[in-house]
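Heads up, the thing below is written out as structure tokens.
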Amino acid sequence: MDTLCITGGRVLHPDGRVREGDVVVDRETGTILAVGRDEAVAEHAADAAGTLDATGGLVIPGLVNAHTHVSMTLLRGYADDKPLDAWLREDVWPAEAELTDDDIEVGAELGVLEMIRSGTTAFADMYFATDRVADVVDRAGVRARLGHGVVTVGKGEEEAIADVEESLAVAADLDGAADGRVRTAFMPHSLTTVGEEHLREGIERAAAEDVPVHLHANETRDEVDPIVEERGERPLAYAADLGALGEGNFLAHCVHVDDAEIDLLAETGTAAVHCPASNMKLASGTAPVQRLREAGVTVALGTDGAASNNDLDLFDEMRDAAMVGKLAADDASAVPAGAVVEMATAGGADALGLPGGRIAEGEAADLAVVDLDRPHLTPVHDPVSHLAYAVRGSDVRHTVCDGRVLMRDREVLTLDADAVKARAAEAASDLVARVDEA
Ligand SMILES: CSC[C@H]1O[C@@H](n2cnc3c(O)ncnc32)[C@H](O)[C@@H]1O
Ligand SMILES: [Zn+2]
């Protein structure tokens, strides 16, 4: 058997406890064979073909970034300090109109490089040129749930229909790519940027094929109010009527949700992806994370795109979620450390319907080793507290996905970091030059 043994560290277990132990991985199946420090583990470890040193470190599940637009790394720092609507219309959409498929691939490489370097092994992506993003996922060795983002407002009927068809076709064609590490979804952008008939048609056809649905929902008051005024119902009642709620489906943001909408999410098994940094930066509002969790909704964490964050480091997201969750609930005990760690791991994997998120025998070997032997992490009273409040992405020593080592001692093995950075910087400056000329 071709095994990898991660030795000498402590391990975060699914119940939130941390114990000393090794993790033995079957590289052929990409699954965890054994966890702990008993005789069986020692036998496996003695036979291991490869090792990763976790001395002084903590082995955690690979983090799951449950909502992003990964190629927007090219627009990092391009437009700041505006609310969502103005930011999209005045800056982001004009820039995206100039993006080429090559740009999207280069931006995805940069984003995936950043995620591997900060311990993220899986992500959900809504964007364009999805086949190129899937190629990057394949080469880099991570997992993803990918979709083509549909926008029909401002488009003629033919173009709108073509956009819906493209999203459905991408979901059918790319599902299972990268040896099964790519899964797909139908991804209408939001309830206000896609017309009702197009939403209804796309969601119905996606459901008929068991394809999950992912969209932005209840992100800002400016998005919620017109729906309530025009339809006389809350956005998630509308979403339920469209068939957009249900097991396997996941909604980004869910900031402005009332109690009835929270119940709808819980009853239908629809997951919510909390994006605290994006919500703060765009002043979208504070999501009721504590209430969502108390109602039994699966809550995951997402960075959103790098243009509204401005990084893809999920450790930042954990800290932000805990901090803003307390502020929103006016309660310092709300959204505690264990909750945000769960949201970034098992919650993310469950929301996206992807393997990973838990370190236990038989689970996917998607892992990160965090180096705790750092000044800003000393002393270690509680490793889970550190994960939520003190660890930075740059503290990740090794990253493993599907049993394959993607980063060893901070060297990414599947992407050429210097070449990716150089290509991305050039693509971004050419893009901005084209936008300025347009
Ligand atoms: C149609 S592809 C996805 C689309 O979404 C835009 N986007 C980026 N961040 C956000 C956000 O916080 N809310 C809504 N839409 C967002 C992105 O620029 C693409 O155009
Ligand atoms: Zn988004």
Side-chain angles (χ1 to χ4, degrees), residues 65-80 82-99 101 103-104 107-108 111 123-130 132-133 145-155 159-160 162-164 166-168 170-171 184-195 198-199 202 213-224 235 250-256 272-285 287 300-312 317 320 351-352 431 435:
N65 186 350
H67 176 74
T68 190
H69 313 280
V70 67
S71 306
M72 290 185 82
T73 49
L74 295 193
L75 296 175
R76 191 197 318 267
Y78 173 69
D80 302 311
K82 290 186 179 183
L84 177 67
D85 202 53
W87 176 77
L88 284 175
R89 287 174 200 282
E90 293 167 15
D91 303 293
V92 172
W93 283 341
E96 287 178 339
E98 298 297 325
L99 279 174
D101 289 3
D103 291 335
I104 289 170
F123 65 104
D125 197 65
M126 178 198 287
Y127 217 54
F128 315 107
T130 317
R132 306 292 284 269
V133 180
R145 192 164 284 276
L146 306 178
H148 168 87
V150 179
V151 173
T152 66
V153 284
K155 289 182 180 162
E159 212 189 333
D163 212 15
V164 172
E166 181 164 359
S167 192
L168 291 167
V170 158
T184 55
F186 174 61
M187 297 198 183
H189 177 255
S190 76
L191 298 174
T192 52
T193 51
V194 182
H198 298 301
L199 282 168
V213 178
H214 175 48
L215 64 149
H216 297 92
N218 300 47
E219 182 175 1
T220 64
R221 281 209 184 81
D222 289 346
E223 172 199 344
V224 169
F250 54 109
L251 308 182
H253 299 296
C254 298
V255 173
H256 301 282
V273 185
H274 179 39
C275 303
S278 170
N279 295 160
M280 288 191 280
K281 187 170 185 230
L282 301 170
S284 301
L301 288 181
T303 57
D304 217 341
S308 60
N309 188 300
N310 285 7
D311 62 49
L312 304 182
E317 238 52 44
D320 288 346
L352 303 194
L431 170 67
V435 177

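Both counts, for ligands and for their atoms, begin at 1 and track the order of listing.
For Thr220 against Ser284, the heavy-atom pair with the smallest separation is CG2-OG, 3.7 Å. Smallest separation of non-hydrogen atoms from Asn279 and Gly285: CB-O, 3.4 Å. For Phe250 against Leu352, the heavy-atom pair with the smallest separation is CE1-CD2, 3.4 Å. Of all heavy-atom pairs between Met72 and Val92, the closest is CE-CG1, 3.6 Å.
Between the choices Met126, His253, His148, the shortest heavy-atom distance to atom 3 (C) of ligand 1 belongs to Met126.
Take the Zn ion (ligand 2) as the corner point: the lines to NE2 of His69 and to NE2 of His216 open at 100°, to the nearest 10 degrees.
Listed by number with element, the atoms of ligand 1 under 4.0 angstrom from any heavy atom of Gly149 are 1 (C), 2 (S). Close contacts of ligand 1 with Met72, meaning ligand atoms under 4.0 Å from a residue heavy atom, involve 8 (C), 17 (C), 18 (O). The ligand atoms of ligand 1 that sit less than 4.0 angstrom from a heavy atom of Phe128 are 1 (C), 2 (S). Each of the following atoms of ligand 1 lies closer than 4.0 Å to a heavy atom of Glu219: 11 (C), 12 (O), 13 (N), 14 (C). The Trp87 neighbourhood of ligand 1 comprises atoms 9 (N), with distances under 4.0 Å to a heavy atom of that residue. Listed by number with element, the atoms of ligand 1 under 4.0 angstrom from any heavy atom of Leu84 are 11 (C), 12 (O), 13 (N), 14 (C). Atoms of ligand 1 lying under 4.0 Å from at least one heavy atom of His189, given by number and element, are 3 (C), 4 (C), 5 (O), 6 (C), 14 (C), 15 (N), 16 (C). Atom numbering of ligand 1 starts at 1 in the shown order; those under 4.0 Å from a heavy atom of Val92 are 18 (O).
The aromatic ring centroids of His274 and His253 lie 6.0 Å or more from each other.
The minimum distance between the Zn ion (ligand 2) and any N, O or S atom of Asp304 involves atom OD1.
In this structure, the protein non-hydrogen atom closest to atom 18 (O) of ligand 1 is Glu96 OE2, 2.7 Å. In this structure, atom 7 (N) of ligand 1 lies nearest to the protein heavy atom His69 NE2, 3.7 Å.
With no hydrogens or angles considered, a side-chain donor-acceptor pair links Asn65 and Thr303 at under 3.5 Å.
A salt bridge links Lys281 and Asp80; the closest N-O separation between the charged side-chain nitrogens and carboxylate oxygens is under 4.0 Å.
Within the 2.8 Å limit, His253 places no N, O or S atom next to the Zn ion (ligand 2). Residue Cys275 does not count as close to the Zn ion (ligand 2), with no N, O or S atom under 2.8 Å.
The shortest N or O to N or O distance between Trp93 and ligand 1 is below 3.5 Å. The distance criterion of under 3.5 Å between nitrogen or oxygen atoms is not met by Tyr127 with respect to ligand 1.
Interatomic distance, OG of Ser71 versus CG of Asp103, reported as 9.0 Å (0.5 Å rounding). For the atom pair CG (Asp304) and CD (Glu317), the distance works out to 9.0 Å, reported to the nearest 0.5 Å.
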Evaluate Asp163 against His148 for side chain to side chain donor-acceptor pair (under 3.5 Å), listing each step before the verdict.
CA-CA 8 Å; Asp163 212 15; His148 168 87; 2.6 Å; yes
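Taking the six-membered ring for Trp and thresholds of 30 and 60 degrees, His69 and His216 have nearly parallel ring planes, at less than 30 degrees apart.
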